[in-house]
Amino acid sequence: MKNLYRKYRTVALLLLAYAVPVLTRDPYVLHLANMACIFAILTLSLNILTGFTGQFSVGHAAFYGIGAYTSSLLAVKAGAPVWLGFLAAPVVAAVFGILLGLPTLRLRGFYLGVVTLGFGEIMYQVFVNWISLTNGPKGLTGVPAPRIGSIVLDTYGSYYFLSITLLVLTIVVAYRLLYSRVGRALLAIRENETAAEAMGINSTYYKVMAFCVSAALAGMAGALYAHEIMFVSPESFVNAESVSILSMMVVGGIGSIPGSVVGAITLTLVPEYLRSFGDLRLVVYGLAIVLMVIYSPQGIGGWITRVDQYLSGTAIRKPVRGGVERGAA
Amino acid sequence: MALLETQGLSISFGGVHAVQGVDLQVEKGEIFTIIGPNGAGKTTFFNLVTGYYKANSGRVIFKGDDITHLAPYHRTKKGIGRSFQVLMLFRDMTVLDNAMVGLHCRLKSNLAGALLRTSATVREEAEGREKVRQLLHFVGLDGKEHEMAKNLSYGQQKRLDIARALATDPEILLLDEPAAGLNTQDLASLTDMIQRIRDRGITVLLIEHKMDLVMSISDRIMVLNFGKKIAEGTPDEVRQNEAVIEAYLGKEE
Amino acid sequence: MGKVGKLVAAALVLVFIASFAAGCSSPKKDPIKIGIVAPLSGGAAMVGDTQVKGVALAIKQINAAGGIHGREVIYIAEDDEQIPAKSVSAVNKLVYNDKVDAVIGTVNSSATLANMEVTRKAGVPQITPISSNPKITKLGNEWIFRLQASDEHQARAIVDYAVNELKIKKPAVIYQSDDYGTGGKDVIVDRLKELNVNPVAVEAFAPDAQDMTGQLLKIKNAGADGLFMWTMYAQAALIARQARQIGLDVQLMGGGGLTNPKLVELAGDAAYGLLNTQTFFPDKEGASPEAAAFIDAYEKEYGMLPDSNAAMSYDSMMILAKAMEAAGPSLDKKKVRDAIAATRDYRGVTGVITIDEYGDANRDILIIRVKVGGGYEVVWPKR
Amino acid sequence: MFVQQVIQGLAIGSVYGLMALGYALMWQAWAVLDFARGEAAMIGAFSILVFHSFFKIPFVAAFPLAIATSAILGYVIQWLAYRPLIGGIPINRLIATLGMGILLRNLARVIYGADPYPFPTVFGDKPVSIGNVLVVPQNVWITAIGFALVVLLRLFLTRTYTGKAMRAAAQDRETAALMGIRVKQSMALTFVLATCLGAIAGLLVAPVYFVRADMGLSIGLRGFASAVLGGLDSVTGAMIGGLLLGVTENLAAGYISSGYQAAIAFSIMILILIFRPQGIMGRRL
């Protein structure tokens with residue numbers, strides 16, 4: 001039984017994830033499934049920066065926005081194929097990630113946090129004010145749906161296959177990164193930067209790399225978002241969205257990959273679920289977040305690890321936890 | 001040519017001369033110990049050699065190259081390894097990963113290799129793990145690979161610290177008070193371990209307070225007081241040095 | 001986890017489940033469902049709130065008169081937090097979960113631009129009472145209608161009045177940097193150019209800004225003799241008061257977003273004399289019989305005076321009801337849509353409405369002035 | 001115009017500074033950046049609104065009542081959402097404050113509606129001209145009260161036993177506890193104090209910027225930025241950070257571009273932090 005679980009858990013999860021459009025045809029649910037994938041990618045990307053590397057960021061929505069605008073502008077203004085946008089979005093976002101990563105040479109913890117927050121504000125104002133490029137607050141309409149051969153991914157269901165594939169790709173990236181020489185260097189910087197340097201790790205280089213990878217993934221999520229909603233405007237990339245991503249990461253569990261995914265799904269669905277509360281919806285949402293961090297400080301990721309260990313009968317080594325537990329916060 | 005050499009190395013903090021004009025030559029293959037009363041500038045001197053502090057004046061020369069202005073990680077790459085007086089393990093990482101981090105600058109796989117999981121990367125990782133297992137065996141941490149570093153006993157943590165430093169494949173290893181806080185049994189195995197490290201061809205630069213340990217294993221000793229070198233020589237020479245007895249040994253009960 | 005904590009958590013989970021189940025259970029009769037999507041939390045919540053109130057009042061009156069085809073009308077209001085993606089979620093929920101017969105909303109143009117794709121794909125008629133971005137009706141989407149007179153008409157009207165009647169030579173513009181404000185600013189600046197008048201300053205402020213004195217000082221320094229502001233009433237009240245504080249004493253002018261009884265309450269005497277465009281005349285004295293009756297009913301229902309958004313929302317629902325009556329008892333969505341599009345000379349509370357070929361409601365625009373001590377008077381067209 | 005711009009900037013900057021005081025205090029005692037700080041201002045503003053405007057209690061009496069109400073609410077809030085997280089993971093505390101902010105903001109909206117409420121001025125909002133600049137009395141009061149609070153706070157933290165105990169508890173909980181300091185009470189007290197500071201900020205700005213459920217959001221964010229700019233471990237720095245941000249914003253709008261007002265202010269802030277990573281008045285890290 002336990003062997004069976006260990007052998008097939010990944011495959012089963014994958015099958016289940018890909019079967020969502022088969023299990024339901026409700027566009028409302030499928031749209032939410034798309035949004036959950038987008039936010040899961042965003043949360044994972046933030047986790048690479050904050051959970052793995054210990055660099056605090058409150059401006060992640062900026063990279064998300066950069067990706068969304070890059071991809072939509074290429075399609076709308078330059079008439080480029082959609083897939084080119086999907087490639088360009090992470091690249092452009094990564095360039096900004098490197099730019100933002102450079103101040104990390106000198107800044108730590110919340111002081112870095114405020115710089116990322118400022119970056120978020122600045123990018124938002126650029127989206128709003130650079131009207132000749134972004135069309136400003138009126139937004140960009142007519143963002144096309146991607147197509148594969150003759151199939152146009154213009155329904156939530158068909159688009160979902162793209163979303164889930166990119167999410168799976170992100171998860172693979174996160175895992176491979178984590179269990180590699182690079183990932184160990186990131187964790188070491190998070191744990192103790194002085195000691196990391198003594199191990200021959202160029203902490204500047206790796207911190208900037210973390211910013212770069214994180215921004216690239218967030219940028220990809222931006223492209224995914226733009227072509228799902230088919231409309232881009234600055235409101236989607238305000239600091240409040242950065243804060244949502246941060247909450248998803250913490251509720252999911254800092255440093256936990258499955259936690260990030262589940263955290264994003266949870267906080268995407270909970271506000272929808274709470275619609276029946278009417279006026280009190282966001283009050284309950286706020287309360288739920290408070291209760292989550294009080295009663296489950298390790299996040300949902302902690303539960304997942306425990307359940308997984310129980311089912312597979314192992315005390316597997318996988319406690320990548322900590323993040324900004326010390327120092328940074 | 002000495003393996004590690006400092007020339008007139010000085011640093012001051014807010015007017016206090018923490019290290020002042022220290023000249024030092026460590027020869028390949030020896031165990032060289034720095035002693036001195038608390039606050040004599042020993043750890044500061046280490047930090048200058050490893051690059052955590054920028055010297056106000058003087059030079060650090062390693063294998064004939066001037067490394068005074070290199071960043072700490074760069075010096076590690078060149079072959080200067082160190083352990084810490086106050087433990088600086090990666091507490092929330094496993095023992096194996098701690099040591100694997102030490103291997104960092106000897107591995108080559110980069111971001112692309114990690115993401116694509118190229119065969120070179122996989123091979124390198126496997127070889128690295130094997131190497132690290134041997135090192136963990138060397139310091140006596142077999143079977144602890146998958147423990148979290150923070151869950152080890154103090155003595156074990158100290159050993160992990162050394163294993164991690166050894167993993168950087170140093171030519172010279174700087175050990176900052178490795179014996180502090182150890183019980184008698186751990187102390188004995190530490191003494192043995194330092195000698196075995198030297199037997200591997202690694203030069204050892206040691207800061208230590210435990211005089212029995214220092215006198216029994218050191219080839220040469222330098223004595224610092226108030227940031228200045230007051231004596232240097234073999235254990236016997238140092239033991240009989242007037243200035244040392246006055247400044248240091250005399251006061252030590 | 002403490003015992004109490006577990007209990008609280010368990011209770012919460014139960015409440016979630018119970019409430020969800022309650023939401024799913026369907027009523028016995030089969031009412032006509034109207035979905036409302038509006039920002040009910042966040043910075044624009046005050047506008048979303050009156051949108052729901054306006055529609056709710058219309059529905060109450062419709063039901064009192066026997067409903068539509070004898071069926072009761074109910075509404076389901078969803079919050080979109082003025083974020084496009086959440087707006088899309090909300091409309092998806094209304095369309096596919098609640099299976100509403102039509103959608104009214106939302107406030108912010110960017111959210112409407114995003115969510116109208118949903119109703120288009122599903123083939124559900126949608127009326128946005130006040131989203132003002134001209135693009136909404138110009139994208140070839142046949143399912144979307146708008147009740148607000150577009151910014152183009154409003155901004156042109158006020159500029160023409162200022163230049164021709166008030167002889168303003170050195171106007172300045174201040175606008176909130178969102179779709180509403182930017183849209184209005186663009187039209188104002190273009191129209192001024194057409195009339196050969198150069199604005200001496202064009203300044204933006206963030207929708208959540210509270211201190212606009214930096215911008216206002218610049219405007220004062222530029223020697224402005226009139227100030228166009230394209231924003232909502234709460235910020236307009238701040239601008240009016242702050243202009244007075246720094247000694248900027250010029251004619252204040254703006255668009256429909258300023259019409260709200262709260263404006264005078266917030267800005268006090270600083271708001272007296274303010275001019276703005278409107279199709280809904282908010283003062284019972286001098287209002288059309290339809291508008292007067294609406295103001296009465298609204299005040300009775302909610303204990304407050306309606307703003308123009310409430311009036312637009314009310315008219316949206318009334319036009320929708322008319323169209324549903326005309327479309328026949330099957331409520332075929334396409335027929336309902338066509339019936340909305342065929343609206344001609346409907347006497348609503350916001351004027352005499354005709355839906356044009358794009359889906360925009362065309363009618364005469366009034367310029368109204370805040371009287372000293374509160375209340376409004378019409379200054380254009382001259383009576 | 002320049003002088004007038006600076007004066008206007010100082011007025012809004014004082015408000016940011018007042019908010020920043022709360023952040024600095026919370027940082028010193030709880031080692032957390034409290035994202036619900038803005039909501040303290042909202043609570044203060046609504047308290048005075050209820051007492052003064054709804055119940056018609058004269059301002060002199062309503063003021064202490066409002067502060068007392070905020071203090072009590074502050075105590076309850078810290079007991080519910082902050083105290084359980086003492087000793088836990090710092091970023092969890094941060095997220096708890098985010099959640100609390102969402103909760104309080106929306107609760108206020110449910111109770112009072114989303115519309116802003118006007119609040120009568122106490123200190124006078126008719127401008128007085130001095131030379132060729134105009135000064136509004138209530139703005140002068142806000143700045144003056146801000147500085148008075150900085151002085152009082154400094155005296156309190158450095159001269160009184162309670163204040164010293166608070167700081168000791170913040171720096172090292174365990175040692176402080178060993179020294180007989182009642183750490184949790186001390187932290188609760190700081191929270192209440194910080195809430196009162198926020199409440200004072202809230203009720204001072206009520207006549208200027210109205211009272212509304214989400215009023216804390218924008219001044220809270222800028223208060224946070226000011227506190228970091230000034231250096232989180234300095235109350236004087238918090239005030240200076242606030243004034244600097246306020247003046248920068250106004251000058252940016254007046255001389256560069258109002259569209260990029262916040263972007264310019266934040267760019268300057270980032271530059272300052274790059275050159276002084278510990279904030280203007282902060283100790284070296």
Side-chain angles (χ1 to χ4, degrees), chain A residues 50 56 102-103 105-115 117-126 128-131 136 239-240 243-244 246-247 249-251 254 278-295 297-299 321-329, chain D residues 23 27 31-33 35-36 80-85 88-110 217 221 224-229 231-232 257-271 273-279 282 285:
Chain A
T50 307
F56 194 61
L102 290 173
L105 312 189
R106 293 178 59 87
L107 291 164
R108 292 191 185 181
F110 282 129
Y111 291 93
L112 174 63
V114 85
V115 167
L117 180 91
F119 175 69
E121 278 286 326
I122 292 167
M123 286 317 300
Y124 171 72
Q125 294 219 313
V126 170
V128 168
N129 286 296
W130 194 353
I131 290 171
N239 270 326
V243 167
S244 305
L246 194 66
S247 312
M249 181 185 74
V250 171
V251 166
I254 297 165
D279 247 7
L280 282 170
R281 184 170 77 106
L282 291 178
V283 177
V284 179
Y285 175 66
L287 184 66
I289 289 182
V290 173
L291 290 177
M292 280 294 298
V293 290
I294 292 178
Y295 293 111
Q298 298 296 327
R321 172 142 300 110
V324 277
E325 284 184 14
R326 286 176 307 280
Chain D
Y23 278 99
W27 174 256
V32 66
L33 272 182
F35 274 97
L80 281 176
Y82 290 60
R83 184 179 283 205
L85 290 165
I89 305 165
I91 197 169
N92 280 11
R93 291 211 286 275
L94 180 112
I95 299 298
T97 70
L98 277 172
M100 206 62 207
I102 296 175
L103 192 161
L104 292 171
R105 211 155 47 235
N106 286 287
L107 199 59
R109 185 177 50 76
V110 171
L217 215 52
L221 177 75
F224 159 65
S226 307
V228 176
L229 184 59
L232 277 168
S257 153
S258 50
Y260 285 103
Q261 185 178 26
I264 294 164
F266 273 102
S267 304
I268 289 172
M269 203 182 74
I270 290 175
L271 282 179
L273 282 181
I274 286 174
F275 290 106
R276 255 194 95 75
Q278 73 279 32
L285 297 170

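Side chains included, hydrogens not; waters and symmetry mates left out as well; all remaining heavy atoms used. Keep in mind that this is a model prediction, so the values were computed, not measured. Sequence lines set the chain letters: A, B, ... in the order given, protein chains first and strands last, and positions in each chain run from 1.
At a 4.5 Å heavy-atom cutoff, the contact between D:Met100 and chain A is made by backbone and side-chain atoms alike. Only the side chain of D:Arg109 comes within contact range of chain A, with heavy atoms under 4.5 Å apart. In this structure, the portion of D:Leu80 lying under 4.5 Å from any heavy atom of chain A is its backbone and not its side chain. For A:Tyr285, the part lying under 4.5 angstrom from a heavy atom of chain D is the side chain only.
Residues A:Val115 and D:Ile274 are not in side-chain contact: their nearest non-hydrogen atoms beyond the backbone lie 4.5 Å or more apart. Between D:Tyr260 and A:Val126 there is a side-chain heavy-atom pair separated by less than 4.5 Å.
Legend: residues meeting side chain to side chain contact (heavy atoms under 4.5 Å, CB included) with A:Val251, ordered by chain and number and at least two apart, are A:Leu267, A:Met292, A:Ile300. In this structure, the ring pair (Phe, Tyr, Trp, His ring centres under 6.0 Å) partners of D:Phe224, at least two apart in sequence or on a different chain, are D:Tyr23, D:Phe35.
In terms of heavy-atom proximity, D:Leu107 sits nearest to A:Val283 at N-CG2, 3.5 Å. The heavy-atom pair separating A:Val114 from D:Ala225 by the smallest distance is CG2-CA, 4.0 Å.
Top candidate by heavy-atom pairs under 4.5 Å with chain D, chosen from A:Leu107, A:Asn239, A:Leu112, is A:Leu107. Annotation: maximal heavy-atom pairing with chain D below 4.5 Å, among A:Ile289, A:Leu280, A:Asp279, A:Val250, occurs at A:Val250.
Looking only at distances, no side-chain donor or acceptor of A:Tyr111 sits under 3.5 Å from a matching main-chain atom of D:Arg276.
To the nearest 0.5 Å, atoms CG (A:Asn129) and CD (D:Gln261) are separated by 10.5 Å.
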